[in-house]
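Working notes for the structure below.
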2 protein chains.
Amino acid sequence: MVGTSPKANSKREDIVEIASRLFYEQGFGATGIKQIIDEVGIAKGTFYSHFQSKEELGLAWLKARHHIWNQWFEDAIAGKGSASTQLIATFDFLASWLKECDYRGCAFINTMAETPNAANPMRGEVMSHKQKLHERFQELAGVHCQDSGEAESVSQTLGTTLYLLFEGALVEAQNFQDSWPIDAARSSAQSLLEN
Amino acid sequence: MVGTSPKANSKREDIVEIASRLFYEQGFGATGIKQIIDEVGIAKGTFYSHFQSKEELGLAWLKARHHIWNQWFEDAIAGKGSASTQLIATFDFLASWLKECDYRGCAFINTMAETPNAANPMRGEVMSHKQKLHERFQELAGVHCQDSGEAESVSQTLGTTLYLLFEGALVEAQNFQDSWPIDAARSSAQSLLEN
DNA sequence: ACTAATTGACCGACCGGTCGGTTTATGCGA
DNA sequence: TCGCATAAACCGACCGGTCGGTCAATTAGT
(Lines give C-alpha, C1' and ligand atoms only; values in the text may rest on other atoms or scores of the structure.)
Protein backbone atom coordinates (compact mmCIF):
# COMPACT_ATOMS: atom_id res chain seq x y z
CA MET A 1 0.00 0.00 0.00
CA VAL A 2 1.17 3.43 -0.80
CA GLY A 3 0.34 5.86 1.96
CA THR A 4 -2.24 3.77 3.87
CA SER A 5 -5.49 3.30 1.99
CA PRO A 6 -8.48 5.20 3.50
CA LYS A 7 -6.19 7.82 4.99
CA ALA A 8 -6.86 6.89 8.58
CA ASN A 9 -6.40 9.64 11.12
CA SER A 10 -2.88 10.03 12.31
CA LYS A 11 -2.37 9.19 15.94
CA ARG A 12 -1.82 12.82 16.74
CA GLU A 13 -5.16 13.70 15.18
CA ASP A 14 -6.81 10.91 17.16
CA ILE A 15 -5.44 12.38 20.37
CA VAL A 16 -6.57 15.91 19.55
CA GLU A 17 -10.01 14.71 18.50
CA ILE A 18 -10.67 12.75 21.67
CA ALA A 19 -8.99 15.24 23.98
CA SER A 20 -11.04 18.03 22.42
CA ARG A 21 -14.26 16.33 23.36
CA LEU A 22 -13.10 15.67 26.92
CA PHE A 23 -11.62 19.12 27.47
CA TYR A 24 -14.81 20.73 26.27
CA GLU A 25 -17.19 18.50 28.21
CA GLN A 26 -15.25 18.33 31.47
CA GLY A 27 -12.91 21.31 31.33
CA PHE A 28 -9.18 21.39 30.65
CA GLY A 29 -8.04 21.18 34.25
CA ALA A 30 -10.53 18.51 35.23
CA THR A 31 -9.46 16.18 32.43
CA GLY A 32 -6.46 13.97 33.12
CA ILE A 33 -3.95 12.58 30.65
CA LYS A 34 -4.87 9.10 31.88
CA GLN A 35 -8.43 9.37 30.66
CA ILE A 36 -7.33 10.71 27.28
CA ILE A 37 -4.84 7.93 26.57
CA ASP A 38 -7.26 5.28 27.82
CA GLU A 39 -9.94 6.47 25.41
CA VAL A 40 -7.50 6.82 22.53
CA GLY A 41 -6.05 3.41 23.39
CA ILE A 42 -2.39 4.31 23.69
CA ALA A 43 0.24 4.32 26.41
CA LYS A 44 1.45 7.32 28.32
CA GLY A 45 4.79 7.34 26.56
CA THR A 46 3.16 7.30 23.15
CA PHE A 47 1.22 10.40 24.05
CA TYR A 48 4.35 12.19 25.20
CA SER A 49 6.09 11.29 21.92
CA HIS A 50 3.45 13.39 20.15
CA PHE A 51 3.10 16.23 22.66
CA GLN A 52 5.65 17.82 24.94
CA SER A 53 3.11 18.57 27.62
CA LYS A 54 -0.56 18.70 28.46
CA GLU A 55 -0.56 22.40 27.75
CA GLU A 56 0.70 21.83 24.21
CA LEU A 57 -2.29 19.54 23.69
CA GLY A 58 -4.51 22.23 25.14
CA LEU A 59 -3.19 24.69 22.57
CA ALA A 60 -3.79 22.20 19.76
CA TRP A 61 -7.33 21.75 21.05
CA LEU A 62 -8.09 25.48 21.01
CA LYS A 63 -6.55 25.98 17.56
CA ALA A 64 -8.65 23.14 16.15
CA ARG A 65 -11.71 24.38 17.99
CA HIS A 66 -11.26 27.81 16.48
CA HIS A 67 -11.44 26.45 12.95
CA ILE A 68 -14.29 24.03 13.59
CA TRP A 69 -16.43 26.59 15.38
CA ASN A 70 -15.81 29.25 12.76
CA GLN A 71 -16.89 26.73 10.15
CA TRP A 72 -20.15 26.12 12.01
CA PHE A 73 -20.66 29.86 12.31
CA GLU A 74 -20.00 30.62 8.64
CA ASP A 75 -22.05 27.67 7.43
CA ALA A 76 -24.97 28.90 9.52
CA ILE A 77 -25.02 32.40 8.03
CA ALA A 78 -23.83 31.65 4.49
CA GLY A 79 -26.37 32.43 1.76
CA LYS A 80 -28.88 33.91 4.16
CA GLY A 81 -29.29 37.02 2.05
CA SER A 82 -28.57 40.50 3.36
CA ALA A 83 -26.04 41.32 6.05
CA SER A 84 -28.79 42.14 8.51
CA THR A 85 -30.38 38.75 7.85
CA GLN A 86 -27.01 37.14 8.42
CA LEU A 87 -26.54 39.01 11.68
CA ILE A 88 -29.91 37.77 12.90
CA ALA A 89 -28.98 34.28 11.75
CA THR A 90 -26.02 34.32 14.12
CA PHE A 91 -28.47 34.23 17.02
CA ASP A 92 -30.36 31.34 15.50
CA PHE A 93 -27.07 29.55 15.13
CA LEU A 94 -26.24 30.34 18.74
CA ALA A 95 -29.52 28.84 19.93
CA SER A 96 -29.20 25.61 17.96
CA TRP A 97 -25.53 25.14 18.83
CA LEU A 98 -25.99 25.68 22.57
CA LYS A 99 -28.99 23.39 22.64
CA GLU A 100 -27.01 20.69 20.88
CA CYS A 101 -24.08 20.95 23.30
CA ASP A 102 -26.47 20.91 26.26
CA TYR A 103 -25.56 24.49 27.16
CA ARG A 104 -21.96 23.69 27.94
CA GLY A 105 -21.07 27.14 26.61
CA CYS A 106 -18.02 28.46 24.79
CA ALA A 107 -14.78 26.48 25.00
CA PHE A 108 -12.76 29.69 24.95
CA ILE A 109 -14.72 31.54 27.60
CA ASN A 110 -14.73 28.45 29.81
CA THR A 111 -10.99 28.05 29.36
CA MET A 112 -10.33 31.69 30.18
CA ALA A 113 -12.37 31.23 33.35
CA GLU A 114 -10.06 28.50 34.61
CA THR A 115 -6.86 30.20 33.47
CA PRO A 116 -6.09 33.05 35.87
CA ASN A 117 -2.39 33.11 35.07
CA ALA A 118 -1.73 35.89 32.58
CA ALA A 119 1.32 34.09 31.22
CA ASN A 120 -0.63 31.02 30.15
CA PRO A 121 -0.38 30.67 26.34
CA MET A 122 -3.93 29.34 26.13
CA ARG A 123 -5.09 32.84 26.95
CA GLY A 124 -3.66 34.03 23.66
CA GLU A 125 -5.82 31.56 21.77
CA VAL A 126 -8.91 32.78 23.57
CA MET A 127 -8.17 36.41 22.84
CA SER A 128 -7.33 35.71 19.20
CA HIS A 129 -10.52 33.73 18.69
CA LYS A 130 -12.70 36.42 20.22
CA GLN A 131 -10.86 39.16 18.40
CA LYS A 132 -11.66 37.54 15.06
CA LEU A 133 -15.29 36.98 15.99
CA HIS A 134 -15.63 40.61 17.00
CA GLU A 135 -14.11 41.67 13.69
CA ARG A 136 -16.54 39.43 11.84
CA PHE A 137 -19.48 41.15 13.52
CA GLN A 138 -18.06 44.53 12.59
CA GLU A 139 -17.58 43.37 9.02
CA LEU A 140 -21.20 42.24 8.77
CA ALA A 141 -22.37 45.46 10.40
CA GLY A 142 -20.27 47.38 7.91
CA VAL A 143 -22.01 45.72 4.97
CA HIS A 144 -25.39 46.35 6.55
CA CYS A 145 -24.63 50.04 7.00
CA GLN A 146 -23.52 50.28 3.40
CA ASP A 147 -26.78 48.62 2.31
CA SER A 148 -28.88 51.05 4.31
CA GLY A 149 -26.77 54.14 3.70
CA GLU A 150 -25.51 54.52 7.27
CA ALA A 151 -22.25 56.16 8.19
CA GLU A 152 -19.14 54.01 8.62
CA SER A 153 -18.65 55.18 12.20
CA VAL A 154 -22.06 53.81 13.09
CA SER A 155 -21.18 50.36 11.78
CA GLN A 156 -18.26 50.01 14.22
CA THR A 157 -20.55 50.74 17.14
CA LEU A 158 -23.31 48.53 15.80
CA GLY A 159 -20.98 45.60 15.19
CA THR A 160 -19.57 45.82 18.70
CA THR A 161 -23.01 46.10 20.28
CA LEU A 162 -24.26 43.03 18.42
CA TYR A 163 -21.09 41.18 19.39
CA LEU A 164 -21.59 42.03 23.06
CA LEU A 165 -25.23 40.93 22.86
CA PHE A 166 -24.13 37.69 21.19
CA GLU A 167 -21.56 36.97 23.87
CA GLY A 168 -23.88 38.02 26.67
CA ALA A 169 -26.61 35.74 25.38
CA LEU A 170 -24.10 32.91 25.05
CA VAL A 171 -22.89 33.08 28.61
CA GLU A 172 -26.33 33.67 30.09
CA ALA A 173 -27.81 30.73 28.21
CA GLN A 174 -25.11 28.69 29.91
CA ASN A 175 -25.86 30.18 33.32
CA PHE A 176 -29.59 29.58 33.02
CA GLN A 177 -29.31 26.42 30.94
CA ASP A 178 -31.98 27.86 28.73
CA SER A 179 -32.23 29.68 25.42
CA TRP A 180 -34.35 32.61 26.59
CA PRO A 181 -31.33 34.96 26.70
CA ILE A 182 -30.67 34.18 23.05
CA ASP A 183 -34.26 34.89 22.08
CA ALA A 184 -34.09 38.20 23.94
CA ALA A 185 -30.77 39.12 22.34
CA ARG A 186 -32.15 38.25 18.91
CA SER A 187 -35.06 40.60 19.46
CA SER A 188 -32.75 43.37 20.59
CA ALA A 189 -30.61 42.81 17.52
CA GLN A 190 -33.64 43.07 15.30
CA SER A 191 -34.56 46.42 16.85
CA LEU A 192 -31.03 47.68 16.35
CA LEU A 193 -30.99 46.61 12.71
CA GLU A 194 -34.26 48.18 11.66
CA ASN A 195 -33.46 51.87 11.59
CA MET B 1 -14.16 40.13 79.68
CA VAL B 2 -17.68 39.65 78.50
CA GLY B 3 -17.88 38.06 75.06
CA THR B 4 -14.26 38.63 73.86
CA SER B 5 -13.47 42.29 73.27
CA PRO B 6 -12.92 43.18 69.59
CA LYS B 7 -15.23 40.40 68.39
CA ALA B 8 -12.61 38.47 66.48
CA ASN B 9 -13.77 36.49 63.47
CA SER B 10 -14.90 32.99 64.24
CA LYS B 11 -12.67 30.33 62.78
CA ARG B 12 -15.35 29.39 60.29
CA GLU B 13 -15.48 32.97 59.07
CA ASP B 14 -11.69 33.01 58.78
CA ILE B 15 -11.84 29.93 56.59
CA VAL B 16 -14.55 31.34 54.33
CA GLU B 17 -12.75 34.65 54.03
CA ILE B 18 -9.43 33.19 52.99
CA ALA B 19 -10.92 30.44 50.84
CA SER B 20 -13.05 33.04 49.05
CA ARG B 21 -9.98 34.93 47.97
CA LEU B 22 -8.21 31.81 46.78
CA PHE B 23 -11.21 30.34 45.01
CA TYR B 24 -11.78 33.58 43.17
CA GLU B 25 -8.18 34.19 42.23
CA GLN B 26 -7.21 30.64 41.29
CA GLY B 27 -10.52 28.91 40.64
CA PHE B 28 -12.41 26.45 42.82
CA GLY B 29 -10.97 23.29 41.32
CA ALA B 30 -7.42 24.59 41.19
CA THR B 31 -7.38 25.51 44.87
CA GLY B 32 -6.52 22.72 47.29
CA ILE B 33 -7.62 22.30 50.89
CA LYS B 34 -3.97 22.22 51.86
CA GLN B 35 -3.33 25.76 50.72
CA ILE B 36 -6.44 27.05 52.46
CA ILE B 37 -5.61 25.54 55.85
CA ASP B 38 -1.98 26.63 55.57
CA GLU B 39 -3.00 30.24 54.97
CA VAL B 40 -5.64 30.16 57.71
CA GLY B 41 -3.11 28.48 60.01
CA ILE B 42 -5.15 25.46 61.05
CA ALA B 43 -4.86 21.70 60.65
CA LYS B 44 -6.78 19.53 58.23
CA GLY B 45 -8.93 18.04 60.95
CA THR B 46 -9.91 21.45 62.21
CA PHE B 47 -11.12 22.41 58.79
CA TYR B 48 -13.22 19.28 58.48
CA SER B 49 -14.80 19.97 61.85
CA HIS B 50 -16.22 23.17 60.36
CA PHE B 51 -17.11 21.88 56.89
CA GLN B 52 -18.26 18.48 55.76
CA SER B 53 -16.54 18.77 52.40
CA LYS B 54 -14.78 21.10 50.01
CA GLU B 55 -18.03 21.57 48.13
CA GLU B 56 -19.78 22.82 51.27
CA LEU B 57 -17.07 25.44 51.58
CA GLY B 58 -17.61 26.28 47.92
CA LEU B 59 -21.28 26.88 48.60
CA ALA B 60 -20.46 29.09 51.59
CA TRP B 61 -18.08 31.04 49.35
CA LEU B 62 -20.71 31.68 46.67
CA LYS B 63 -23.38 32.65 49.20
CA ALA B 64 -21.02 35.14 50.84
CA ARG B 65 -19.87 36.39 47.45
CA HIS B 66 -23.45 37.01 46.43
CA HIS B 67 -24.02 39.34 49.36
CA ILE B 68 -20.72 41.14 49.08
CA TRP B 69 -20.97 41.71 45.36
CA ASN B 70 -24.57 42.90 45.60
CA GLN B 71 -23.44 45.36 48.24
CA TRP B 72 -20.77 46.71 45.91
CA PHE B 73 -23.31 46.95 43.13
CA GLU B 74 -25.95 48.75 45.22
CA ASP B 75 -23.43 51.08 46.81
CA ALA B 76 -22.21 52.07 43.37
CA ILE B 77 -25.63 53.05 42.05
CA ALA B 78 -27.25 54.36 45.24
CA GLY B 79 -28.12 58.05 45.19
CA LYS B 80 -27.14 58.51 41.57
CA GLY B 81 -30.39 60.18 40.69
CA SER B 82 -32.78 58.85 38.10
CA ALA B 83 -33.13 55.19 37.17
CA SER B 84 -31.47 55.80 33.81
CA THR B 85 -28.52 57.41 35.56
CA GLN B 86 -28.33 54.42 37.87
CA LEU B 87 -28.40 52.04 34.92
CA ILE B 88 -25.50 53.87 33.33
CA ALA B 89 -23.71 53.83 36.68
CA THR B 90 -23.77 50.04 36.64
CA PHE B 91 -21.31 50.13 33.74
CA ASP B 92 -19.05 52.53 35.56
CA PHE B 93 -19.15 50.19 38.52
CA LEU B 94 -18.34 47.28 36.21
CA ALA B 95 -15.30 49.07 34.85
CA SER B 96 -13.86 50.03 38.23
CA TRP B 97 -14.55 46.62 39.76
CA LEU B 98 -12.96 44.63 36.93
CA LYS B 99 -9.95 46.90 36.85
CA GLU B 100 -9.50 46.45 40.58
CA CYS B 101 -9.69 42.64 40.37
CA ASP B 102 -7.27 42.67 37.43
CA TYR B 103 -9.99 41.42 35.06
CA ARG B 104 -10.44 38.11 36.84
CA GLY B 105 -14.13 38.31 35.93
CA CYS B 106 -17.25 37.08 37.68
CA ALA B 107 -16.89 34.40 40.35
CA PHE B 108 -20.23 32.89 39.37
CA ILE B 109 -19.60 32.75 35.63
CA ASN B 110 -16.12 31.36 36.22
CA THR B 111 -17.51 28.72 38.56
CA MET B 112 -20.22 27.73 36.10
CA ALA B 113 -17.52 27.31 33.46
CA GLU B 114 -15.70 24.71 35.52
CA THR B 115 -18.84 22.95 36.71
CA PRO B 116 -20.23 20.87 33.84
CA ASN B 117 -22.13 18.48 36.07
CA ALA B 118 -25.75 19.58 36.15
CA ALA B 119 -26.24 18.02 39.60
CA ASN B 120 -23.57 20.20 41.24
CA PRO B 121 -25.24 22.37 43.90
CA MET B 122 -22.90 25.27 43.14
CA ARG B 123 -24.76 25.69 39.88
CA GLY B 124 -27.87 26.64 41.84
CA GLU B 125 -25.98 29.48 43.50
CA VAL B 126 -24.84 30.77 40.13
CA MET B 127 -28.31 30.69 38.65
CA SER B 128 -29.87 32.31 41.71
CA HIS B 129 -27.30 35.11 41.72
CA LYS B 130 -27.78 35.86 38.05
CA GLN B 131 -31.53 35.60 38.31
CA LYS B 132 -31.55 38.29 40.99
CA LEU B 133 -29.23 40.55 39.03
CA HIS B 134 -31.43 40.22 35.97
CA GLU B 135 -34.48 41.11 38.06
CA ARG B 136 -32.65 44.15 39.41
CA PHE B 137 -32.00 45.40 35.89
CA GLN B 138 -35.64 44.89 35.01
CA GLU B 139 -36.66 46.76 38.14
CA LEU B 140 -34.46 49.73 37.26
CA ALA B 141 -35.70 49.65 33.68
CA GLY B 142 -39.26 49.58 35.00
CA VAL B 143 -38.69 52.77 36.98
CA HIS B 144 -37.05 54.42 34.00
CA CYS B 145 -40.01 53.57 31.76
CA GLN B 146 -42.38 54.96 34.35
CA ASP B 147 -40.33 58.16 34.49
CA SER B 148 -40.41 58.59 30.73
CA GLY B 149 -43.93 57.36 30.15
CA GLU B 150 -43.01 54.14 28.36
CA ALA B 151 -45.15 51.03 28.34
CA GLU B 152 -44.54 48.33 30.92
CA SER B 153 -43.91 45.69 28.23
CA VAL B 154 -41.01 47.79 26.94
CA SER B 155 -39.34 47.88 30.33
CA GLN B 156 -39.04 44.11 30.49
CA THR B 157 -37.29 44.05 27.14
CA LEU B 158 -35.11 47.02 27.99
CA GLY B 159 -34.06 45.56 31.33
CA THR B 160 -33.08 42.26 29.74
CA THR B 161 -31.17 43.96 26.94
CA LEU B 162 -29.18 46.06 29.39
CA TYR B 163 -28.54 42.98 31.50
CA LEU B 164 -27.21 41.07 28.50
CA LEU B 165 -25.00 44.01 27.55
CA PHE B 166 -23.73 44.18 31.12
CA GLU B 167 -22.89 40.48 31.20
CA GLY B 168 -21.44 40.53 27.71
CA ALA B 169 -19.21 43.45 28.60
CA LEU B 170 -18.15 41.69 31.79
CA VAL B 171 -17.05 38.50 30.08
CA GLU B 172 -15.42 40.27 27.16
CA ALA B 173 -13.46 42.57 29.42
CA GLN B 174 -12.13 39.38 30.98
CA ASN B 175 -11.32 37.84 27.59
CA PHE B 176 -9.50 40.91 26.35
CA GLN B 177 -8.16 41.97 29.74
CA ASP B 178 -9.30 45.45 28.91
CA SER B 179 -12.21 47.73 29.64
CA TRP B 180 -13.09 48.69 26.07
CA PRO B 181 -16.06 46.29 25.99
CA ILE B 182 -17.48 48.05 29.02
CA ASP B 183 -17.07 51.46 27.44
CA ALA B 184 -18.82 50.20 24.32
CA ALA B 185 -21.64 48.63 26.32
CA ARG B 186 -22.07 51.85 28.27
CA SER B 187 -22.46 53.81 25.06
CA SER B 188 -25.01 51.30 23.74
CA ALA B 189 -26.90 51.55 27.00
CA GLN B 190 -26.96 55.30 26.73
CA SER B 191 -28.46 55.08 23.23
CA LEU B 192 -31.09 52.67 24.45
CA LEU B 193 -32.04 54.92 27.37
CA GLU B 194 -32.49 58.16 25.42
CA ASN B 195 -35.72 57.55 23.57
C1' DA C 1 19.98 -6.78 12.01
C1' DC C 2 18.76 -2.27 12.60
C1' DT C 3 15.52 1.42 13.50
C1' DA C 4 11.40 3.56 14.98
C1' DA C 5 7.34 3.22 17.53
C1' DT C 6 5.12 1.73 21.54
C1' DT C 7 4.71 0.11 26.07
C1' DG C 8 3.55 0.47 31.18
C1' DA C 9 5.98 0.47 35.47
C1' DC C 10 7.56 4.10 37.99
C1' DC C 11 8.52 9.00 39.83
C1' DG C 12 7.56 12.71 43.29
C1' DA C 13 3.90 15.69 44.28
C1' DC C 14 -0.57 16.54 45.37
C1' DC C 15 -5.68 15.47 45.80
C1' DG C 16 -9.90 15.35 49.22
C1' DG C 17 -10.85 13.16 53.35
C1' DT C 18 -10.26 10.32 57.94
C1' DC C 19 -9.00 9.47 62.62
C1' DG C 20 -6.65 8.60 66.97
C1' DG C 21 -4.34 11.30 69.98
C1' DT C 22 -3.27 15.80 72.34
C1' DT C 23 -3.98 20.25 73.93
C1' DT C 24 -6.92 23.78 75.76
C1' DA C 25 -11.05 25.59 77.94
C1' DT C 26 -14.73 25.01 81.17
C1' DG C 27 -17.46 23.62 85.28
C1' DC C 28 -17.68 22.10 89.89
C1' DG C 29 -17.04 20.23 94.43
C1' DA C 30 -14.21 21.02 98.25
C1' DT D 1 -7.91 28.70 95.33
C1' DC D 2 -7.04 24.35 94.17
C1' DG D 3 -7.60 19.63 91.98
C1' DC D 4 -9.91 17.08 88.88
C1' DA D 5 -13.37 15.39 85.44
C1' DT D 6 -15.45 16.43 81.25
C1' DA D 7 -15.81 18.17 76.86
C1' DA D 8 -14.77 20.84 73.05
C1' DA D 9 -11.28 22.28 69.86
C1' DC D 10 -7.39 21.21 67.50
C1' DC D 11 -3.55 18.70 65.55
C1' DG D 12 -0.96 16.31 61.75
C1' DA D 13 0.25 11.70 60.22
C1' DC D 14 -1.94 8.84 57.22
C1' DC D 15 -5.42 6.82 53.72
C1' DG D 16 -6.18 5.39 48.74
C1' DG D 17 -6.11 7.57 44.56
C1' DT D 18 -4.74 10.69 40.79
C1' DC D 19 -1.84 14.24 38.88
C1' DG D 20 1.66 15.38 34.86
C1' DG D 21 5.73 13.46 33.26
C1' DT D 22 9.97 10.08 32.50
C1' DC D 23 12.44 6.17 30.79
C1' DA D 24 14.37 1.53 30.12
C1' DA D 25 12.59 -2.36 27.92
C1' DT D 26 9.99 -4.44 24.37
C1' DT D 27 7.70 -4.91 20.02
C1' DA D 28 6.87 -4.05 15.12
C1' DG D 29 8.36 -2.70 10.61
C1' DT D 30 11.77 -2.92 7.00
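Labels below follow one simple rule: chain letters A, B, ... track the order of the sequence lines, proteins then strands, and each chain is numbered from 1.
The side-chain hydrogen bond (donor to acceptor under 3.5 Å, both in side chains) pairs that include a residue from residues 42-60 of chain A number zero, where partners must be two or more places apart or lie in different chains. Residue pairs satisfying the side-chain hydrogen bond (donor to acceptor under 3.5 Å, both in side chains) criterion with at least one member in residues 168-182 of chain B, sequence neighbours excluded, are listed as follows: A/R123-B/Q177, A/Y163-B/E172, B/N110-B/Q174, B/E172-B/N175. Residue pairs meeting the side-chain hydrogen bond (donor to acceptor under 3.5 Å, both in side chains) criterion with at least one member in residues 87-107 of chain A, sequence neighbours excluded, are A/D92-A/R186. Screening residues 78-87 of chain B for side-chain hydrogen bond (donor to acceptor under 3.5 Å, both in side chains), with sequence neighbours left out, gives B/S82-B/S84, B/S82-B/T85.
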Can you pull every protein N or O that's under 3.5 Å from an N or O on nucleotides 23-26 of chain C?
none

Write out a two-atom table: protein N or O, nucleotide N or O from nucleotides 24-30 of chain D, distance below 3.5 Å.
none

Provide a list of protein-nucleic acid N or O atom pairs under 3.5 angstrom, restricted to nucleotides 8-15 of chain C.
unit_1 : atom_1 : unit_2 : atom_2 : d
C/dG8  : O6     : A/G45  : N      : 3.0

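In this structure, CZ of A/F28 is placed 13 Å from P of D/dC19, rounded to the nearest angstrom. A straight line from CD1 of A/I37 to C1' of D/dG21 spans 11 Å, rounded to a whole angstrom. With rounding to whole Å, A/K11 atom NZ is found 9 Å from C/dA5 atom C1'.
Note on B/H50: every side-chain N or O is 4.0 Å or more away from OP1 and OP2 of D/dA9. For B/Y48, no side-chain nitrogen or oxygen approaches OP1 or OP2 of C/dT18 to under 4.0 Å.
Atom CG in B/L133 sits 5.5 Å away from atom CZ in B/F73 (nearest 0.5 Å).
Scanning all heavy atoms of the two residues, the minimum distance from B/W61 to B/S20 falls at CD1-OG, 3.2 Å. Taking all atoms of both residues into account, the shortest heavy-atom contact from B/L94 to B/F166 is CD2-O, 3.6 Å.
For B/K132, the salt bridge (charged side-chain N to carboxylate O under 4.0 Å, His left out) test picks out no residue, with sequence neighbours left out. Evaluation of the salt bridge (charged side-chain N to carboxylate O under 4.0 Å, His left out) rule for B/R21 yields B/E39 as partners, not counting sequence neighbours. Checked against salt bridge (charged side-chain N to carboxylate O under 4.0 Å, His left out), A/E125 has the following partners two or more places apart in sequence or in another chain: A/K63. Residues forming a salt bridge (charged side-chain N to carboxylate O under 4.0 Å, His left out) with A/D38 (at least two apart in sequence, or on another chain): A/K34.
Using a 4.0 Å heavy-atom distance criterion, B/S49 is classed as making no nucleic acid contact.
Checked by atom type, the side-chain pair A/E135/A/Q131 shows a donor-acceptor distance below 3.5 Å.
End-to-end axis angle for the helix from C/dA1-D/dT30 to C/dA30-D/dT1, using five pairs per end and rounding to 10°, comes out at 10°.
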